[in-house]
Amino acid sequence: MTYQAVFFDFDYTLGDATDAILAGFSHGMTQLGQPVPDRETIRRTVGLPLELAYERLTGDQNPAHKSQFRDAFASVARPMQLQGVPLFPGGAELLHALHRAGVHLAIASTKQQSTLETILHGHGLLDLLDFVIGGDSVDHAKPAPDCLLLGMERLHLKPEQLLFCGDTTIDAATAQAAGCDFAAVLNGTTPKEAFDSYPKVFTAPDLPALQAFLGL
C-alpha cells in the first residue's frame with residue numbers, strides 16, 4: 001500500500017441502492033407526468049446528479065421541473081435508503097483492511113452527505129472514515145474535481161498520495177481532473193472497455209479483487 005488515502009464513490013462502488021433509486025425515479029417521473037423508464041435505463045443514470053439524470057431521460061431542461069423531480073425523488077428514495085442499503089460483497093472487509101493499514105478513508109459521492117452517513121452508520125462503518133463528502137458538500141458535482149480536492153485539502157495530501165475508486169467514467173474523469181490515481185470497480189452498469197480512454201491503475205471485477213490489488 002503506497003497511498004496515504006483511498007476515497008470511494010458509493011452507489012455501485014460500495015453499495016447497491018437500486019430498489020430505493022427505482023422507487024424514487026418512478027415517483028418523481030409520475031409526479032412530473034413523464035413516462036417511467038425501465039430498470040436498466042434508470043440504473044445507467046446512477047452517479048449523475050439527479051437533475052441531469054432527469055434531463056437526459058426526459059429532454060426537459062426546465063429548472064423548476066428538475067427541482068420538483070429532485071424533491072419528489074427524495075420523498076420516496078431517501079426514507080428507503082435511511083432504512084438501509086446493502087453493500088457489495090467485500091465492501092466492509094475492504095474498509096476494515098484499509099483502516100487497519102492506517103490509510104485515510106473517505107466517501108466522495110453525489111448522494112447527500114447525511115444519507116451516506118446514516119447508511120454507513122447502519123453498517124458500523126462510519127467511524128472508519130475520516131469524513132463523507134456528499135453532493136451537497138461541494139459547489140460542483142462530479143466530474144468536476146471539487147469533492148476530491150476538498151478531501152485532499154482536509155488531509156493535506158498531494159494528488160499522488162490519493163487513490164479514488166469508482167464505477168463510472170464520471171468517476172474516472174473526476175480522478176483525472178484532480179490529478180490522482182483511479183481504480184475502476186465493475187459493480188455497476190459501466191463495462192470494462194468504457195474505461196479504456198481514462199488513466200487508471202487497476203480495473204477490479206469486484207471489491208475482493210481491489211483489496212488483493214492493494215495488497216491487504
Side-chain angles (χ1 to χ4, degrees), residues 5-29 31-32 42-43 45-54 63-64 66-88 91-92 94-96 98-99 103-155 157 162 164-168 170-171 174-175 178 185 187-188 207:
V6 179
F7 290 5
F8 293 91
D9 173 56
F10 184 78
D11 283 319
Y12 292 158
T13 299
L14 289 177
D16 185 359
T18 298
D19 289 345
I21 291 169
L22 292 176
F25 266 90
S26 179
H27 181 66
M29 291 295 190
Q31 290 294 106
L32 270 294
I42 293 173
R43 288 182 74 234
T45 69
V46 173
L48 294 173
L50 281 172
E51 293 85 353
L52 181 56
Y54 171 80
K66 293 180 187 180
S67 179
Q68 291 169 23
F69 174 76
R70 170 176 282 281
D71 290 343
F73 173 94
S75 71
V76 170
R78 193 163 189 267
M80 290 179 64
Q81 294 183 84
L82 293 178
Q83 292 175 10
V85 170
L87 300 182
F88 286 104
L94 174 57
L95 292 181
H96 278 289
L98 287 164
H99 182 72
V103 177
H104 292 291
L105 295 171
I107 303 296
S109 169
T110 56
K111 266 193 191 320
Q112 287 195 344
Q113 179 178 325
S114 60
T115 301
L116 289 162
E117 289 174 343
T118 299
I119 293 169
L120 292 159
H121 176 73
H123 287 285
L125 299 172
L126 185 59
D127 289 344
L128 303 182
L129 304 174
D130 288 77
F131 44 78
V132 171
I133 298 175
D136 53 337
S137 306
V138 293
D139 291 332
H140 302 99
K142 296 184 289 185
D146 296 31
C147 56
L148 301 184
L149 296 178
L150 176 60
M152 286 189 283
E153 180 183 355
R154 289 179 178 178
L155 295 172
L157 295 177
L162 171 64
F164 183 45
C165 306
D167 68 288
T168 68
I170 294 172
D171 295 320
T174 303
V185 181
N187 283 334
L207 294 174

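In this chain, numbering begins with 1 at the start of the sequence shown.
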Exercise for the section: Name all pairs fulfilling the side-chain hydrogen bond (donor to acceptor under 3.5 Å, both in side chains) condition that reach into residues 14-25, sequence neighbours left out, sorted by first residue then second. Expected result: Y12-T18, D16-T18
Completion exercise
Output for pair (L129 CG, F7 CZ), nearest 0.5 Å, gives 10.0 Å
Practice task
Tell me, with the steps shown, if F131 and L105 meet side-chain contact (heavy atoms from CB on, under 4.5 Å).
Solution key: CA-CA 7 Å; F131 44 78; L105 295 171; over 6 Å; no
Practice task
Hey, could you give me the CD/CD distance between Q113 and E117, rounded to the nearest 0.5 Å?
Solution key: 4.5 Å
Practice task
Look up atom OG1 in T13 and atom CG in L87, then write down how far apart they are to the nearest 0.5 Å.
Solution key: 11.5 Å
Practice task
Go through the steps for L82 and I119 under the test side-chain contact (heavy atoms from CB on, under 4.5 Å), then give the verdict.
Solution key: CA-CA 6 Å; L82 293 178; I119 293 169; 5.7 Å; no
Problem - Flag, side chain of D171 to backbone of C165, donor-acceptor distance under 3.5 Å - result: no
Problem - Gap between atom CZ of R43 and atom CG of L22 - 0.5 Å precision - result: 8.5 Å
Handout entry: Backbone of G134 reached by a side-chain donor or acceptor of S137 within 3.5 Å
Key = yes
Handout entry: Counterpart residues, ring pair (Phe, Tyr, Trp, His ring centres under 6.0 Å), relative to Y54 (two or more places apart)
Key = F69
Handout entry: Expected output: side-chain T174 to main-chain I170 donor-acceptor under 3.5 Å
Key = yes
Exercise for the section: Give, for atom CZ of F8 and atom CG of L98, the distance between the pair rounded to the nearest 0.5 Å. Expected result: 5.0 Å
Practice task
Please report the shortest heavy-atom distance between L207 and L14, naming the atom on each side.
Solution key: CD1-CD2, 4.1 Å
For residues 143-150, which side-chain donor-acceptor pairs fall under 3.5 Å, sequence neighbours excluded?
residue : atom : partner : partner atom : Å
D146    : OD2  : H140    : N            : 3.4
D146    : OD2  : H140    : ND1          : 3.1

Handout entry: Nearest heavy-atom neighbours spanning I133 and G151
Key = CD1-N, 3.7 Å
Practice task
Return the minimal non-hydrogen interatomic distance between H27 and A72, and the atom names on each side.
Solution key: CD2-O, 3.1 Å
Practice task
Provide the closest heavy-atom pair for D167 versus G188 in the form atom of the first, atom of the second, distance.
Solution key: OD2-CA, 4.1 Å
Handout entry: Full working for side-chain contact (heavy atoms from CB on, under 4.5 Å) between R154 and D130
Key = CA-CA 9 Å; R154 289 179 178 178; D130 288 77; over 6 Å; no
Exercise for the section: Taking all heavy atoms of D9 and all of F164, pick out the closest pair and write down the distance. Expected result: N-CE1, 3.5 Å
Handout entry: Side chain proximity check, V185 to F88, heavy atoms < 4.5 angstrom
Key = no
Handout entry: Inter-residue atom distance H99.NE2 - D127.CG, 0.5 Å rounding
Key = 8.5 Å
Handout entry: Any residue meeting side chain to side chain donor-acceptor pair (under 3.5 Å) with N187, in chain and number order, not counting sequence neighbours
Key = none
Practice task
Taking side chain to side chain donor-acceptor pair (under 3.5 Å) as the test, write out the residues that go with T45, two or more places apart.
Solution key: none
Handout entry: Side chains of T110 and L48 in contact at under 4.5 Å (non-hydrogen atoms)
Key = no
Exercise for the section: Return yes if some donor-acceptor pair links the side-chain N/O of K142 with the main-chain N/O of P49 below 3.5 Å, else return no. Expected result: no
Exercise for the section: For the pair F25 and L50, evaluate side-chain contact (heavy atoms from CB on, under 4.5 Å) and give the outcome as yes or no after the intermediate values. Expected result: CA-CA 9 Å; F25 266 90; L50 281 172; 4.2 Å; yes
Problem - Pairwise side-chain hydrogen bond (donor to acceptor under 3.5 Å, both in side chains) hits with a residue in residues 70-82, at least two apart - result: E51-R70, R78-Q112, R78-S114, R78-T115, Q81-K111
